[in-house]
Amino acid sequence: MKIHPIHPLNINPDEFISIQEKLAHKVDVSQPLYLHDIQTVAGVDVAYSSENGKELGFSHIAVFDLATMEVIERAESRGHITVPYMPGYLAFRELPLIIEAAKKLRNTPDLFLFDGNGILHPRKMGIATHASFFLGTPTIGVAKTYLKVGDSELNEPAQEKGSKTDIVVNGETIGRVLRTSEGVKPVYISPGNQIDMESSTRITLLLTGSESRLPIPVRVADIATRVMRQSWRKEYD
DNA sequence: GCGACAG
DNA sequence: ATCTTGTCGC
């Protein structure tokens with residue numbers, strides 16, 4: 001697929017905040033995304049391995065045909081991770097590998113789901129949001145744990161599948177605590193870009209099966225990423 | 001200085 | 001995220 005190089009992928013930490021602030025005002029989470037406009041959905045994830053003080057990253061993108069929910073394409077990339085993990089700046093750490101993998105895709109997915117946040121972020125620039133500018137497609141962020149934004153208070157949704165509570169900051173709903181399966185820990189979702197909160201919620205639920213609290217595309221990418229690491233260690237030792 | 005803290 | 005065995009529960 002075609003990538004939009006809006007800025008270099010290797011940036012000095014000094015510029016992290018200014019880049020996020022610059023892109024933040026271009027974010028659009030006001031438009032609905034309808035199912036009949038979606039043919040393919042991609043799940044993205046990254047796994048790590050520490051080797052002699054260095055960190056190696058493995059990224060995987062799994063593309064699904066929404067109608068059949070079969071994987072129609074996969075793309076991967078592996079490389080050294082240079083940026084340390086800093087809450088609020090995950091994109092600068094993982095995007096280099098993710099974009100490298102995305103470039104290899106023959107298909108251009110209609111939607112990407114990320115392991116991490118969308119606009120549920122101090123500057124509304126979580127990894128899902130940031131990635132959409134490079135991908136040029138709608139994105140959704142699905143996080144397994146909560147990143148506190150502002151003075152938002154968290155309310156636990158009911159136990160039934162589909163139950164949800166809004167995460168409101170300054171009168172604006174920037175995310176939702178969503179129970180994707182009965183009785184399991186909820187996930188924290190938020191639109192990344194080019195899609196609204198309602199569509200993000202509906203699509204996340206549609207893509208979540210009973211085998212995991214995470215939407216299938218993200219879960220499949222997560223598993224694939226561990227397989228990559230496993231086979232790498234096997235031929236390296 | 002003291003907590004908070006996506007992956 | 002990653003390091004890790006058994007074990008409580010449906």
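Chain letters run A, B, ... following the sequence lines, proteins first, then strands; residues in each count from 1. Worth knowing before you read on, the calculation uses all heavy atoms, side chains too, and leaves out hydrogens, waters and symmetry mates.
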Kindly say whether [Y] contributes a backbone atom to a donor-acceptor pair with the side chain of [X] at under 3.5 angstrom?
| X | Y | answer |
| --- | --- | --- |
| A:His60 | A:Asp45 | no |
| A:Arg179 | A:Pro157 | yes |
| A:Thr108 | A:Met1 | no |
| A:Asp28 | A:Ser30 | yes |

So if I take [range] and measure heavy-atom distances to DNA chain B, which residues fall below 4.0 Å?
| range | result |
| --- | --- |
| residues 207-227 of chain A | none |
| residues 19-31 of chain A | none |
| residues 148-159 of chain A | A:Lys148 |
| residues 167-191 of chain A | none |

Could you state the atom-to-atom distance from [atom1] of [X] to [atom2] of [N] in whole Å?
| X | N | atom1 | atom2 | result |
| --- | --- | --- | --- | --- |
| A:Asp45 | B:dA6 | CG | P | 15 Å |
| A:Leu90 | C:dT2 | CG | C1' | 15 Å |
| A:Leu113 | B:dA6 | CG | C1' | 15 Å |
| A:Glu51 | C:dC3 | CD | C1' | 13 Å |
| A:Leu95 | B:dA6 | CG | C1' | 13 Å |

Give a yes/no answer on whether the side chain of [X] brings an N or O atom under 4.0 Å of OP1 or OP2 in [N].
| X | N | value |
| --- | --- | --- |
| A:Arg229 | C:dT2 | yes |
| A:Thr145 | B:dG7 | yes |
| A:Lys144 | B:dG7 | yes |

Inset, instruction - Give me the ring orientation class for A:Tyr89 and A:Phe92: parallel if the planes are under 30° apart, tilted from 30 to 60°, perpendicular past 60°. - result: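 Tilted.
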Inset, instruction - Determine if A:Tyr85 stacks with B:dG7; use a centre-to-centre distance below 5.5 Å and an interplanar angle below 30° as the criteria. - result: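 Ring-base stacking flag set for A:Tyr85 and B:dG7.
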Legend entry - Contact letters for nucleotides 5-10 of chain C, in which S counts primed atoms plus P, OP1 and OP2 and B counts the base, heavy atoms under 4.0 Å: ------
Inset, instruction - Pick out which of A:Ile72, A:Leu111, A:Asp110 makes a side-chain contact (heavy atoms from CB on, under 4.5 Å) with A:Gln39. - result: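 So, applying the side-chain contact (heavy atoms from CB on, under 4.5 Å) to A:Gln39 and each of A:Ile72, A:Leu111, A:Asp110, only A:Asp110 qualifies.
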Legend entry - Lys/Arg-Asp/Glu bridge criterion (N-O < 4.0 Å) met for A:Glu76, A:Lys104: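 Looking at A:Glu76 and A:Lys104, the cut-off is not met.
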Legend entry - Exceeds 12 heavy-atom contacts within 6.0 angstrom, atom CG of A:Asp151: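 No, the 6.0 Å shell around CG holds no more than 12 heavy atoms from other groups.
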Which part of the nucleic acid does [X] contact within heavy-atom distance under 4.0 Å: base, sugar-phosphate only, or nothing?
| X | answer |
| --- | --- |
| A:Ile127 | base |
| A:Gly88 | base |
| A:Tyr89 | base |
| A:Asn117 | base |

Quick one about [Y] and [X] (side-chain donor to acceptor, distance below 3.5 Å, no hydrogens or angles considered), yes or no?
| X | Y | answer |
| --- | --- | --- |
| A:Glu94 | A:Tyr48 | yes |
| A:Ser49 | A:Arg229 | no |
| A:Asn155 | A:Thr165 | no |

Legend entry - Dot-bracket line, read 5' to 3' along DNA chain C, where crossing pairs take [ ] and | marks a partner on another strand, Watson-Crick or G-U under 3.5 Å: ..........
Legend entry - A:Gly116 to A:Ile127 - nearest heavy-atom pair and separation: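 Nearest pair, atom of A:Gly116 first, then A:Ile127: CA-CG2, 4.2 Å.
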Inset, instruction - Could you tell me whether A:Phe133 and A:His7 have their ring centroids closer than 6.0 angstrom? - result: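 Aromatic pair excluded; centres sit 6.0 Å or further apart.
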